[in-house]
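Hydrogens, waters and symmetry mates are skipped; everything else that's a heavy atom, side chains included, is used. Numbered from 1 within each chain, the chains take letters A, B, ... in sequence-line order.
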There are 2 protein chains.
Amino acid sequence: MCRHCDYKELLKASGLESNSNRIRVMEIVGNSSYPLSAQEISDTIDRTASINRVTVYRILDLLVEKGLLDRISAGDRSFRYGMAPNAHHRHHPHFYCRQCSAMECLSPESVHLDTAFLERTFPGAIEKVEVRLDGICKNCLQKLLK
Amino acid sequence: MCRHCDYKELLKASGLESNSNRIRVMEIVGNSSYPLSAQEISDTIDRTASINRVTVYRILDLLVEKGLLDRISAGDRSFRYGMAPNAHHRHHPHFYCRQCSAMECLSPESVHLDTAFLERTFPGAIEKVEVRLDGICKNCLQKLLK
DNA sequence: CGGCAATATGCAACCGAATTGCATGAATGT
DNA sequence: ACATTCATGCAATTCGGTTGCATATTGCCG
């Protein structure tokens with residue numbers, strides 16, 4: 001999906017050494033068209049190398065903390081990971097299918113959100129805004145109709 | 001908070017028998033100014049009666065399924081419960097403090113969200129829209145500054 | 001180059017929130 | 001009063017994720 005991101009560069013720009021695991025994680029997330037679970041990321045790496053799931057969790061924590069990745073709450077009790085907004089990735093909402101638990105990225109324009117007023121008046125610090133639509137995805141809808 | 005809702009009526013209108021546990025849950029959620037965790041609801045009931053947490057979970061599942069309550073994902077891996085939108089309760093966004101895990105309800109006007117385009121064009125079925133802002137709440141901000 | 005500190009990784013055990021299976025208890029209709 | 005249905009309790013389990021601690025790997029300095 002993303003031919004624009006030099007993951008090594010991104011890591012360095014955030015003050016992180018780049019090692020093969022970190023780069024793999026960034027690549028996998030960056031190349032996905034939908035936000036991935038830690039499990040999916042771990043499985044993908046495992047296909048070529050071999051990595052402990054704890055290591056994956058730790059890398060994800062680190063990348064989220066450094067602002068390279070976004071941790072997105074799914075409609076269930078798990079998290080997904082996607083590229084954090086940057087020059088090549090605009091912030092966008094997500095759709096969660098309560099039937100198959102899959103998540104999709106929606107286009108940045110699909111939902112218009114105006115938080116300006118709140119940003120000015122809210123007494124706390126707002127760090128991120130998450131918009132998630134829940135329902136049944138196209139696929140599951142078709143299966144249900146059969 | 002809510003003097004407008006006759007919980008017994010609401011239950012009946014959704015085709016549910018009303019028993020004391022269900023009414024208590026509805027009252028507790030309806031009277032709260034912020035969305036509550038199952039734990040909080042369970043604890044509150046326990047102060048006057050005695051109830052198993054599994055029962056609370058089952059009542060919550062039921063009330064969510066019937067559309068009386070909303071299950072809201074917090075920024076962590078847990079859920080909160082609030083009144084579902086109805087005549088007296090407009091749909092509104094929430095704020096989650098990553099420091100103390102507390103959630104707040106934001107006013108329905110605080111964020112302007114336009115999903116019309118998506119509702120028309122999305123190939124799946126959209127059942128609900130969740131807007132959550134994450135950050136540090138006023139309280140925690142003050143503590144951090146000390 | 002050797003040695004040492006700092007990081008990164010693996011493994012096993014653990015955690016919290018929620019869910020399941022199954023037995024018991026209450027309520028409802030006939 | 002009895003059967004059927006629904007609600008509750010308790011124990012055990014699941015699922016994602018996290019922690020503690022031991023071992024490897026890396027970077028850095030002399």
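A straight line from CD of A:E65 to P of D:dT18 spans 12 Å, rounded to a whole angstrom. Computed from coordinates, the A:R22 CZ to C:dT7 P distance equals 10 Å when rounded to whole Å. Summarising the geometry, the separation between CD1 on A:I59 and C1' on C:dG10 is reported as 12 Å, rounded to the nearest angstrom. For the pair A:N21 CG and D:dA24 C1', the computed distance is 13 Å after rounding to whole Å. The nearest whole Å value for the distance from the CD atom in B:E40 to the P atom in C:dA17 is 10 Å. The separation between B:K66 atom NZ and D:dC6 atom P is 11 Å, rounded to whole Å. One atom, CD1 of B:I72, and another, C1' of C:dA17, lie 17 Å apart when rounded to the nearest Å. Between the CG atom of A:D76 and the P atom of D:dT14 there is a distance of 18 Å, rounded to whole Å.
B:Y34 approaches B:E104 most closely through the heavy-atom pair CB-CA, 4.3 Å.
Side chain to side chain, B:S107 and B:E109 meet the donor-acceptor criterion of an N or O pair below 3.5 Å.
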Apply the test side chain to side chain contact (heavy atoms under 4.5 Å, CB included) to residues B:I41 and B:Y81: give CA-CA distance (whole Å), side-chain angles for both, the deciding distance (0.1 Å), then the verdict. CA-CA 9 Å; B:I41 295 167; B:Y81 297 87; 4.3 Å; yes

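Of the side-chain N and O atoms in B:N19, one or more sit less than 4.0 angstrom from OP1 or OP2 of D:dT8. Between A:N52 and the phosphate of C:dC11, there is a side-chain N or O to OP1/OP2 separation shorter than 4.0 Å. At the phosphate of C:dA8, neither OP1 nor OP2 sits under 4.0 Å from any side-chain N or O atom of A:T55.
Among the heavy atoms of the strands lying under 4.0 Å from A:S50 are primed sugar atoms or P, OP1, OP2 only; no base atom is included.
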Do nucleotides 18-30 of chain C as a string where each nucleotide becomes B, S or -: B if the base has a protein heavy atom under 4.0 Å, S if just the sugar-phosphate does, - if no protein is that close. BBBB---------

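By the neighbour-count criterion of 12 heavy atoms within 6.0 Å, atom CD of A:E17 is sparsely surrounded, having that number or fewer from other residues, nucleotides or ligands. Within 6.0 Å of atom NE2 in B:H91, more than 12 heavy atoms from other residues, nucleotides or ligands are found, so the atom counts as buried in its surroundings.
Between the side chain of B:T44 and the backbone N or O of B:E40 there is at least one donor-acceptor pair closer than 3.5 Å. Remark: side-chain polar atoms of B:R132 are paired, donor with acceptor, to backbone N or O of B:S73 under 3.5 angstrom.
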